[in-house]
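Heavy atoms only: backbone and side chains are in, while hydrogens, waters and symmetry mates are out. Numbered from 1 within each chain, the chains take letters A, B, ... in sequence-line order.
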Amino acid sequence: MPELPEVETIRRGLDREVVGKRVKTVQVTGTRTVRRQPKKQFVKRLEGAKITGADRRGKYLVLRLDTGDVAVIHLGMSGQLLRAQAREPAPKHTHVVITFTQGGQLRYVDPRTFGELFVTTPDELGKEVPELGSLGMDPVDEPIPWVKFREMLLARTTKLKPLLMDQTFLAGIGNIYSDEILWEAGLRHDRTPQSLSTMEIRRLYRAIVEVLHEAVKHRGSTLADQQYVDLHGRPGEYQLLHQVYDREGQACRRCRTPIVREKLGSRSTFFCPNCQI
DNA sequence: ACGCCCGCCTGTAAGC
DNA sequence: TGCTTACAGGCGGGCG
């Protein structure tokens, strides 16, 4: 479900709501959510720890702990983190509940169970967790120098859409934002980096930064299924500004041409056949 | 090293 | 009103 803007919105919520709090108890009820280490070890390394910071790397959330460990959260397709009071009934598919000494809980809810939580050390993050060690630059967290972007892009031969979604190229972009970025850049999903003019590379670079920043500003995209909500259960608003994603047959806001949906593999790609060349 | 396809899951909506 | 099928923000692995 969530891509960089949604995860960043949740990170900001964690910064306000759980950083500074101390973990009292941890309950793991789901069987798949904590799968990288024994559940007992996960619980033991969290209980008693104070959360000292909330970071994001691509689509991963990293909570720093005063024990020196870090708690890593990946939401997969349907994961939610929700702030709640202990007396409120837990929603269906609540798999992990973290209760704080000051009261209140952080709940991990995930119907499809693709997401996961684990506790590790900062050292192992880069080494023993390969998907985090090989993450590309994060276009919101660290501005990418233009020259470096052009260099990185031209070193790859993958078509633009799968390249944007490749987490080792750039971290945080998924199916929604790759389509939105390519519309903004006026480029088709199947162009190769080598086919781009300098001006087109510049447009792509600018579109990546602009679309992601705008989406963060509007607190991410919540689609009809309401699966993405922030810590307080509130939806985002960037879906109102989507130009192509989930707009098959609707008029392009720039040229009125109907938006086309194509299947690439098993996933949908939306684009304007007139504006995107 | 790549691109494609599947599997991992549940819920919802569309189609018959 | 069913029952069945397709599809959904991610990712890793296996295949050719």
_Close approaches to DNA chain C from residues 73-81 of chain A, in residue order (heavy atom, under 4.0 Å)_ =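 The stretch gives A:H74, A:G76, A:M77 as the residues lying under 4.0 Å from the strand, ordered by number.
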_What's the gap between B:dG11 and C:dC11 when it is taken at their P atoms, as a whole Å value?_
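One P to the other, the span is 22 Å.
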*Take atom C1' in C:dA8 and the same atom in B:dG3, then report the distance between them in whole Å.*
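22 Å, rounded to whole Å.
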*When Watson-Crick pairs (N1 to N3 and N6-O4 or O6-N4) and G-U wobble pairs (N1-O2 and O6-N3) count only below 3.5 Å on both distances, what is the dot-bracket string of DNA chain C, with | for other-strand pairs?*
.|||||||.|||||||
_According to ring-ring contact (aromatic ring centres under 6.0 Å, His included), who are the partners of A:Y238, at least two apart in sequence or on a separate chain?_
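Partners of A:Y238 by the ring-ring contact (aromatic ring centres under 6.0 Å, His included) criterion, ordered by chain and then number, come out as A:Y177, A:H242.
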*Among all residues two or more places apart in sequence or in another chain, which pass the ring-ring contact (aromatic ring centres under 6.0 Å, His included) test with A:F42?*
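Here no residue qualifies.
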[X] has an atom [atom1]; how far is it from atom [atom2] of [N], in whole Å?
| X | N | atom1 | atom2 | value |
| --- | --- | --- | --- | --- |
| A:E131 | C:dG13 | CD | C1' | 13 Å |
| A:E248 | C:dA6 | CD | P | 17 Å |
| A:Q227 | C:dC7 | CD | P | 17 Å |

*Between C:dA8, C:dG10, C:dG12, which nucleotide has the shortest distance from any of its atoms to the side chain of A:Y60?*
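Comparing C:dA8, C:dG10, C:dG12 against the side chain of A:Y60, the answer is C:dG12.
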*Between A:K92 and B:dG11, is there a side-chain N or O to OP1/OP2 distance below 4.0 Å?*
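Yes, within the criterion.
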*With respect to the phosphate group of C:dA6, does any side-chain polar atom (N or O) of A:R267 fall under 4.0 Å of OP1 or OP2?*
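No, because none of the side-chain N or O atoms of A:R267 sits under 4.0 Å from OP1 or OP2 of C:dA6.
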_Footprint string (nucleotides 3-8 of chain B, 5' to 3'): B base within contact, S backbone only, - free, heavy atoms under 4.0 Å_ = S-S--B
*Cluster partners of A:V109, using ILVMFWY side-chain heavy atoms under 4.5 angstrom, listed by chain and number?*
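Result for A:V109 is A:L82, A:V229.
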